[in-house]
Trainee: 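Structure in structure tokens, see below.
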Amino acid sequence: MNKEIGTIERRKERLDRGIKVRTEGIYAISSLEEVSYLVLPRLILIIGLLLLPAIIPSLYWKRVISITCIYALLALGFDFLANFVGLVSLGGAFYIGVGGYMAAILNKSMGLSPILTIPIATLFGAIICTLLLLPALPLRGVYFAIVTLMYPLAIARIIEALNILGGTDGILGVAGFPTRWIEQYIIILIIIFALFGLRRLVNEDIGLVFRGVKDNDQAVRASGLSITLYKSIAVFIASGLGSLGGAYLSHIYMWSGISQFALDFSIIPIAATVIGGGGTLVGPLLGCFFLVPISEFLRAFGTLRIVFYSIILLTFIMFRSEGIMVYAQRKYHQFERWVKV
Amino acid sequence: MKQEPILQVIEASKSFGGVQALVNVSFEVREGEVFGIIGPNGSGKTTLINCITGFVKMDSGKVLYRGKEITNRPPNYIANLGITRTFQIMRPYYSLPAYKNLIVPLFSPRARKKGGWRGGGKLGDRETVSIDILEEIGFERDSFVPYKLASSLPTGYLKRLELARCLALKPEIILCDEVFSGLSMSEIASMVPLIEKLQMDGITLVMIEHRLRELFRVANRVMVLNFGAKLTEGTPQDVMQDEKVKEAYLGSEKLLDYTFEA
Ligand SMILES: Nc1ncnc2c1ncn2[C@@H]1O[C@H](COP(=O)(O)OP(=O)(O)OP(=O)(O)O)[C@@H](O)[C@H]1O
Ligand SMILES: [Mg+2]
């Protein structure tokens, strides 16, 4: 009793910044300071990404940036499907493989340049993936996930067994990019557009339909909308991002092969989403910029790197299970201070 | 009130495994009326609505809308005809604010056709239209309620949100599955005029209710279900006095209570 009288009691007070009006998405901005409060984080992200190729000197790590960006496309697609549409997709490898092979074939047998192969592979890769996943769309949760995982495994084995599309050697001699700078800056611009495009999309009216499908698909049907249609549009978008990444990958390595159907492409985007914070879109993207370089560092340890990997993931799940960006965004929009009681 | 049937159900049957949820149920709903459906728990009322709206496939039987067969069509097709429903267990989008909940039905082909690409035609974009609908249904425009997450809304508002979703589709028929249940007396008192207003606007209403007193006040005709079969049909007065109904439904004494209050 007596002890407490002497000490000052303090309480942590948490306030929301006053610029959000009534609901997310409606702001009242009255000063330059408040404008910068909204714009600054975006600006820092964009400038940071654009500076990366310039500040990283070694050729090896420049290549890592491009690969990281490809994983970022997959992570964006995964986060979009999982947290805005309610489809857990392990199809990263599927999308990469389809896009990768398609770009390689278009380039090798039809002689198209990367300027054409990448957009064509993106579009038709998305169409093929969506059509093949169409029967799985009514499935939910883990069942959908299993189907998306089954395709890349099956296709890789088929290519191996039938010795088609270059068999185990893959397709060699695909055209590369003229310079490293072009290679990096195009993919960096692509992920910036993909990030802000998706963020825009999920807040548009059609985005609300996607989120409705996740929250309550029966209510969406009662609202006169076909859930199969909207799920396939969403899968089209995500698989398009993945196929784009795959096509890009083929031109980076000037090669396409069955390792493009490797499980890494399905797993790392999920890990990045866990670390970065699901449902933020930017979180999974940054998660890739954390995870992919680390996994490159760990390459020296051979298969042991899986252990390090698991430790990092476990740490995140246990201590910051919401993910970095969810935490960071909350801290940014609220401020805390001590008040005397 | 016009007399031609807007909705006809002919010999609808449905069983779940061994449970006969519906046994040869036939009835028709006339345009512009309030048609009540009552019955003890588990008598198949919700299943009937599910069959009409395509959420459950019927084993046999037919559903006609304005004479056209719509049996077992997909739910979104039926909703686009203007046959809308509420859910007994409310189904809002919990992670969206109330007014954003309505963007989804406003995005449907039917609402777009009636309201133009932006949703409200000359009336404005979908958000404006959605706030208007919410106000009509009892969300105070100047309060924070329309902007709150659906997960933080109390039952009364969620029931209204269910109705609002139907209204966003510019419905011909609303099938209400127990919109009064779980509400306090005063909340129901404020809902009754709303139902009457919908009827005056020319919307046909089919209402499943356990709150007989309130239902009998608004209903033109009432059908009684028991163990999935139709027991009787008639005006509220006729139904109340029916011996079979008293026996099957609540036990004769309890129904009499309702009768006196009504
Ligand atoms: N999807 C389903 N699967 C299996 N059985 C079901 C299903 N839906 C309903 N039933 C069964 O069908 C019967 C009728 O159920 P229904 O929900 O239609 O009754 P209800 O009249 O709406 O009851 P309540 O007044 O409690 O809402 C019940 O025995 C129920 O257990
Ligand atoms: Mg029911």
Side-chain angles (χ1 to χ4, degrees), chain A residues 16 18-28 79-87 134 137-138 199-234 277-281 322 326 329-330 333, chain B residues 49-50 53-55 74-87 89-113 117-119 125-127 130 142-151 161-162 165-166 168-171 175:
Chain A
D16 271 303
I19 107 171
K20 275 195 181 174
V21 184
R22 288 192 166 173
T23 182
E24 56 173 324
I26 305 178
Y27 296 98
D79 193 27
F80 169 64
L81 280 188
N83 291 304
F84 294 94
V85 194
L87 290 170
L134 217 51
L137 286 184
R199 280 228 318 215
R200 182 75 181 268
L201 180 79
V202 296
N203 288 310
E204 290 288 316
D205 290 351
I206 188 172
L208 294 171
V209 177
F210 290 139
R211 288 154 78 175
V213 171
K214 185 194 178 214
D215 258 18
N216 222 322
D217 53 355
Q218 296 304 308
V220 174
R221 304 174 87 195
S223 302
L225 295 161
S226 156
I227 44 179
T228 314
L229 173 68
Y230 286 92
K231 279 183 182 175
S232 40
I233 295 175
T280 59
L281 293 175
E322 55 186 3
V326 179
Q329 283 180 348
R330 200 178 59 236
H333 290 306
Chain B
I49 286 202
N50 283 340
T53 50
F55 281 87
N76 47 300
Y77 173 87
I78 291 173
N80 274 305
L81 294 174
I83 306 172
T84 60
R85 65 167 301 175
T86 72
F87 289 97
I89 300 152
M90 289 88 77
R91 288 181 170 277
Y93 310 115
Y94 285 108
S95 67
L96 299 178
Y99 79 109
K100 297 259 185 193
N101 265 262
L102 293 191
I103 304 288
V104 180
L106 285 174
F107 201 72
S108 67
R110 181 181 174 84
R112 267 192 284 183
K113 200 170 71 208
W117 170 251
R118 292 178 70 218
D125 61 8
R126 294 198 181 90
E127 289 186 8
S130 129
D142 296 331
S143 71
F144 280 86
V145 198
Y147 302 96
K148 277 195 170 160
L149 286 186
S151 55
L161 197 55
E162 285 283 318
R165 185 186 60 231
C166 298
L169 286 161
K170 306 229 164 55
L175 302 144

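To find a chain, count down the sequence lines: A is the first, B the second, and so on, and within it residues start at 1.
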Trainee: So which residue, B:P74, B:A168, B:P75, B:A79, ends up with the most heavy-atom pairs under 4.5 Å with chain A?
Mentor: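 Greatest number of close heavy-atom pairs with chain A: B:P75.
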Trainee: Measure distances from A:F210 to the heavy atoms of chain B and classify the residue's part below 4.5 Å as side chain, backbone, both or neither.
Mentor: neither
Trainee: Could you tell me the separation between the CG atom of B:N80 and the CG atom of A:L225, rounded to the nearest 0.5 Å?
Mentor: 7.0 Å
Trainee: Any idea which heavy atoms bring B:Y93 and A:N216 closest together, and the distance?
Mentor: CE2-O, 3.6 Å
Trainee: Roughly how far, to the nearest 0.5 Å, is CD of A:Q218 from OG1 of B:T53?
Mentor: 10.0 Å
Trainee: Answer with side chain, backbone, both or neither: which region of A:I227 has an atom nearer than 4.5 Å to a non-hydrogen atom of chain B?
Mentor: neither
Trainee: Report the distance from atom CG of A:D205 to atom CG of B:D125, rounding to the nearest 0.5 Å.
Mentor: 7.5 Å
Trainee: Might you point out which heavy atoms bring B:S95 and A:D215 nearest each other, and give the distance in Å?
Mentor: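 Reported closest heavy-atom pair: N-OD2, 2.7 Å.
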Trainee: Any chance you could measure A:D217, atom CG, to B:R91, atom CZ, to the nearest 0.5 Å?
Mentor: 7.5 Å
Trainee: Looking at every heavy atom in both B:L169 and A:A222, which two are closest together, and how far apart are they?
Mentor: CD1-O, 3.5 Å
Trainee: Please examine the side chains of A:V220 and B:P105, heavy atoms only from C-beta on, and report whether any two atoms are closer than 4.5 Å.
Mentor: no
Trainee: Testing the basics here: between B:F87 and A:A219, what is the closest heavy-atom pair and its distance to 0.1 Å?
Mentor: CE1-CA, 4.1 Å
Trainee: Using heavy-atom distances under 4.5 Å, tell me whether B:Y77 contacts chain A through its side chain, its backbone, both, or neither.
Mentor: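 Neither; nothing under 4.5 Å.
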Trainee: Which heavy atom of A:G224 sits nearest a heavy atom of B:S108, and at what distance?
Mentor: O-CB, 4.0 Å
